[in-house]
Enquirer: 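Structure below; questions to follow.
Keep in mind it's a predicted model, so treat the numbers as computed, not measured.
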Amino acid sequence: MAANSFREDETLQNTDKKKIVGRMLSYLRPHIAEIIPVLISLVITVLINLVSPLLIERAVDVHVANKDIKGLITITSIVVALGIIYVLVVKLRMFLMNRISNKILLDIREELYKHIQTLSFTFFDSRPTGKILARIIGDVNSLKEVMANTITNLIPNFVTVIGVVIIMLLKDWRLALGTLCSMPLMIIAVFIIRSKTHSRWQAMRKKASNLNAYVHEDIAGISVVQSFHAENETKTTFRQLANEHRDAYISACRSADLFGPAIDSSWSISSMVMYLVAIWALGYTDASAGLIIAFATYANMFWSPIMRLSGFYNQLVTNISAAERVFDILDTEAEIVDKPDAFELPEVTGSVEFSHVGFTYDEGTEAETKVLEDVSFTVKPGETIALVGPTGAGKTTIVNLISRFYDIQKGSISIDGYDLTDVTINSLRRQMGVMTQDNFIFHGTVRENIMYGKMDATEEEMIAAAKAVNAHDFIMKLEKGYDTPLKERGAGLSIGQRQLIAFARTMISMPKVLILDEATSSIDTHTEMLVQQGIQTLLKGRTSFVIAHRLSTIKNADRIFVINDGGIKESGTHEQLMNKKGAYYDLYMAAYA
């Protein structure tokens, strides 16, 4: 399981570099038709590079040696024309490849976002939101240059190196060997550097993720920070995390920067040896000035791509760590999935049955927490069930299991006789309305937030839902009514107003099964009475599960379940349980008497 704190480094499932690179390149496959013009441009530029030294050799050995001004002008014109073509083709190639890489980036980000939407609550419970954002935004962005440079850097430079080696061997194998003599030294140096660089870039990404997670958490809780005058403490923590990120980055850069000196040294040695071979070892008179100049040019053409390839490899090593983090999420399997033979849940009446249900959070880990054990009950269509009990007893767990936000380990849960695991998740949740104590309000208008519960709802349905929960009056008093723009999390609205909008959003979906988890905890008593009237009118005949601490909400329930010690300790109406003088009586006397 991933780390659950901004102070802990994340662990990755798959760090096989060959598989990661192959998987990255697989995103190029759907764009083959667009890549073909890029490849054609690469062929043109590589050919121009390879031919240019031969033209220089001819210019020196033939036209300069024979004082042929006309021929020299002709060959100079050809070189200039090829240079112009080269620049134009390179510009076209960069434009095409940037467009392709941006499309690939969008493909990866959409695939990642779509996959995250399918993951269960367990995934989000196990890591800070900031670390997830770091992968969706920063790590995906890091892949762009790799995608673009794979075509525009790797292929042409690799082909250039091969072409140069072949031409040098054909021209003079002794000078060629002199030019290539330091290759073993360079390979050994690169291998040693590579072994350290990848792990250091991995560490840098993890530290960046930790910092991102902390900043997100701190901003989200800024009201608490300022309320307790904790700015200095948060600043200290931020500085520690920022320093860790800086140190990890510097360490990775120091390792990566060794590639350049290693190749420069090899380049210098090979150039010196080539000239020594030309002067001493050859000992023949047909080593023309043009040939030496051409070989010097080819030597530069050999080592320059090697330098660029090392830069690409350095970039690849840097960004493989980002790709690992992206693919790590893509490889995280959704725990709550449809069976291969799952079917659409037909319209239900709302009968709910728990049969010997057992549930444990983080089963098989050190954080394993058993919440429910052998829980059984049946709820008839249209019944309202109030769930009461101490914090952590399992009230919210029960309603989450009905929505199949988690899968149980033992027993079965069914609606109208249909086992929840036999029906598709979407068809189940379409018939359920869930409102929690965390009434999240999205950026957008009041209208958009209410319509989120039913995208195809009519204006009349939206207004009816708002009126039913007593939200219509205060909405109409806003600056633009239902078209009033709302800030993130509903900033500017009271807690009660945010809850009423969230309640209207739930009501508009007209659910067969309604779940209210502390849904009226922040509404004043008068407003709650009006909301309760709206609930009775709008949801008459619909099954509902209500988690609440207010006595008025509990007393209106058809039955009350007292949840504690992993099960249902008592059940019955308010009067029945009070007369019984058991767990509910003690709870009532402690909380309300």
Enquirer: Check the angle between the aromatic planes of His472 and Tyr482 and answer parallel, tilted or perpendicular using the 30° and 60° thresholds.
Expert: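 Rings of His472 and Tyr482: tilted, 30 to 60°.
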Enquirer: Would a distance-only check, ignoring hydrogens and angles, find a side-chain to backbone donor-acceptor pair under 3.5 Å from Ser427 to Glu344?
Expert: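 Absent.
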Enquirer: In Å and rounded to the nearest 0.5 Å, what is the OG1 to NZ distance from Thr360 to Lys410?
Expert: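 Result: 7.0 Å between the selected atoms.
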Enquirer: Grab the two heavy atoms, one from Ser509 and one from Gly453, that are nearest each other, plus how far apart they are.
Expert: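 Minimum heavy-atom contact is CB-O, 3.4 Å.
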Enquirer: Give the minimum heavy-atom separation between Glu383 and Asp558, together with the two atoms involved.
Expert: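 Where Glu383 meets Asp558 most closely, the heavy atoms are CA-OD2, 3.3 Å.
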Enquirer: Would you say that more than 12 heavy atoms from the other residues, nucleotides or ligands in this model lie under 6.0 Å from the CZ of Phe238, or not?
Expert: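 At most 12 heavy atoms, drawn from other residues, nucleotides or ligands, come within 6.0 Å of this atom.
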Enquirer: Give the intermediate values and the outcome of side-chain contact (heavy atoms from CB on, under 4.5 Å) for residues Gln497 and Ile501.
Expert: CA-CA 6 Å; Gln497 289 173 330; Ile501 290 176; 5.6 Å; no
Enquirer: Only counting residues at least two apart or in another chain, list the ones meeting side chain to side chain donor-acceptor pair (under 3.5 Å) with Tyr27.
Expert: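 Applying side chain to side chain donor-acceptor pair (under 3.5 Å) to Tyr27 gives Glu111.
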Enquirer: Checking Arg542 side chain against Leu514 main chain: does a donor-acceptor pair fall under 3.5 Å?
Expert: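 Judged by distance alone, no pair lies under 3.5 Å.
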Enquirer: Return yes if some donor-acceptor pair links the side-chain N/O of Glu34 with the main-chain N/O of His31 below 3.5 Å, else return no.
Expert: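 Judged by distance alone, no pair lies under 3.5 Å.
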Enquirer: Identify, with sequence neighbours excluded, every residue that meets side-chain contact (heavy atoms from CB on, under 4.5 Å) alongside Ala471.
Expert: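 Result, side-chain contact (heavy atoms from CB on, under 4.5 Å) vs Ala471: Ala466, Val469, Phe474, Ile475, Leu500.
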Enquirer: Does any part of the side chain of Tyr588, heavy atoms only, come nearer than 4.5 Å to the side chain of Ile560, both counted from C-beta?
Expert: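 A side-chain contact under 4.5 Å is absent here.
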Enquirer: For a side-chain contact (heavy atoms from CB on, under 4.5 Å) check, start with the C-alpha distance between Val434 and Val399, then their side-chain angles and the critical distance, and finish with the verdict.
Expert: CA-CA 9 Å; Val434 181; Val399 296; over 6 Å; no
Enquirer: Are Phe545 and Val513 packed together at the side-chain level, in the sense that at least one heavy-atom pair is separated by less than 4.5 angstrom?
Expert: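 Yes, side chains in contact.
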Enquirer: For residues Asp407 and Ile336, report the shortest heavy-atom separation together with the two atoms involved.
Expert: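 That closest heavy-atom pairing would be N-CD1, 3.3 Å.
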Enquirer: Looking at Val337 and Arg404, what are the two nearest heavy atoms and their distance?
Expert: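 Looks like O-NH2, 3.1 Å.
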Enquirer: Do the non-hydrogen side-chain atoms of Leu112 and Val326 ever get within less than 4.5 Å of each other?
Expert: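 Yes, close enough: below the 4.5 Å cut-off.
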Enquirer: Quick check for you: to the nearest 0.5 Å, what is the distance between Ile104 atom CD1 and Arg109 atom CZ?
Expert: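 Going from CD1 on Ile104 over to CZ on Arg109, the span is 13.5 Å.
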Enquirer: With a 4.5 Å limit on heavy-atom distance, are the side chains of Ile402 and Phe354 in contact?
Expert: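 Side-chain contact under 4.5 Å: yes.
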Enquirer: Taking Glu347 as the fixed residue, which of Arg430, Gln431, Lys512 is the one that meets the side-chain hydrogen bond (donor to acceptor under 3.5 Å, both in side chains) rule?
Expert: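 Running side-chain hydrogen bond (donor to acceptor under 3.5 Å, both in side chains) over Arg430, Gln431, Lys512 with Glu347 returns exactly one hit, Lys512.
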Enquirer: Would you say the ring centroid of Tyr361 lies under 6.0 angstrom from that of Tyr406?
Expert: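 Ring centres of Tyr406 and Tyr361 closer than 6.0 Å.
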Enquirer: Examine distances only and state if a side-chain atom of Ser376 and a backbone atom of His356 form a donor-acceptor pair shorter than 3.5 Å.
Expert: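 Yes.
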Enquirer: Please round to the nearest 0.5 Å and tell me the distance separating atom CD1 of Ile547 and atom CD1 of Ile385.
Expert: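 With rounding to 0.5 Å, CD1 (Ile547) is 12.5 Å from CD1 (Ile385).
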Enquirer: State which residues pass side chain to side chain donor-acceptor pair (under 3.5 Å) with Asp338; sequence neighbours excluded, sorted by chain then number.
Expert: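 In terms of side chain to side chain donor-acceptor pair (under 3.5 Å), with neighbours along the sequence ignored, Asp338 is linked to no residue.
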Enquirer: Report yes if some heavy atom in the side chain of Leu345 is under 4.5 Å from a heavy atom in the side chain of Thr424; otherwise report no.
Expert: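 Not touching, per the 4.5 Å side-chain cut-off.
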Enquirer: Classify the side-chain pair Asp419/Thr421 by whether it contains a donor and acceptor separated by less than 3.5 Å.
Expert: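 Side chains of Asp419 and Thr421: pair found under 3.5 Å.
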Enquirer: Counting only heavy atoms not in Glu368 (residues, nucleotides, ligands), do more than 12 fall under 6.0 Å from its CD?
Expert: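 Yes.
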Enquirer: Among all residues two or more places apart in sequence or in another chain, which pass the side-chain contact (heavy atoms from CB on, under 4.5 Å) test with Pro30?
Expert: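 Pro30 satisfies side-chain contact (heavy atoms from CB on, under 4.5 Å) with no other residue.
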Enquirer: Find the distance between CZ (Phe359) and CG (Asn400) and round it off to the nearest 0.5 Å.
Expert: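 So the CZ of Phe359 and the CG of Asn400 are separated by 8.5 Å.
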Enquirer: Within the 4.5 Å heavy-atom criterion, are Glu570 and Leu587 side-chain neighbours or not?
Expert: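 No, every pair of side-chain atoms sits at 4.5 Å or beyond.
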Enquirer: Hey, could you give me the NZ/CG distance between Lys339 and Asp422, rounded to the nearest 0.5 Å?
Expert: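 It comes to 4.0 Å.
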Enquirer: Taking side chain to side chain donor-acceptor pair (under 3.5 Å) as the definition, give me every residue that meets it alongside Glu459, ordered by chain and number, with sequence neighbours left out.
Expert: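 Residues passing side chain to side chain donor-acceptor pair (under 3.5 Å) with Glu459: Arg447.
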Enquirer: Check whether any side-chain heavy atom of Leu516 lies under 4.5 Å from a side-chain heavy atom of Phe503, and answer yes or no.
Expert: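 Side chain of Leu516 against side chain of Phe503, heavy atoms only: contact under 4.5 Å found.
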Enquirer: If you look at every heavy atom in Ala465 and Ala504, which pair is closest and at what distance?
Expert: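 Taking every non-hydrogen atom into account, CB-O, 3.7 Å.
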Enquirer: Among side-chain atoms of Gln117 and Tyr113, is any donor-acceptor pair under 3.5 angstrom?
Expert: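 Yes, because at least one side-chain N or O of Gln117 sits under 3.5 Å from a partner of the opposite role on Tyr113.
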Enquirer: Applying the side chain to side chain contact (heavy atoms under 4.5 Å, CB included) criterion to Pro390, which one of Ile563, Asp565, Asn564 satisfies it?
Expert: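 It is Asn564; the other options fail the test.
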Enquirer: Of all the heavy-atom pairs spanning Tyr418 and Pro346, show the shortest one and how long it is.
Expert: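 Distance-wise, the nearest heavy atoms are OH-CG, 3.4 Å.
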Enquirer: With sequence neighbours left out, what residues match His115 under side chain to side chain donor-acceptor pair (under 3.5 Å)?
Expert: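 Side chain to side chain donor-acceptor pair (under 3.5 Å) check on His115 returns nothing, list empty.
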Enquirer: Would you give the length of the straight line joining atom CG of Asp483 to atom CG of Leu478, rounded to the nearest 0.5 angstrom?
Expert: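 Between Asp483 CG and Leu478 CG, I get 11.0 Å after rounding to 0.5 Å.
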Enquirer: State whether the side chain of Thr543 and the backbone N or O of Gly382 hold a donor-acceptor pair below 3.5 Å, judged by distance alone.
Expert: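 Answer holds: yes.
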Enquirer: I would like to know whether Lys569 and Asp586 meet salt bridge (Lys or Arg N to Asp or Glu O under 4.0 Å); could you show each step before the answer?
Expert: CA-CA 12 Å; Lys569 291 300 182 183; Asp586 294 337; over 6 Å; no
Enquirer: Between Ile554 and Tyr584, is any pair of side-chain heavy atoms under 4.5 Å apart?
Expert: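 A side-chain contact exists here, since the closest heavy-atom pair is under 4.5 Å.
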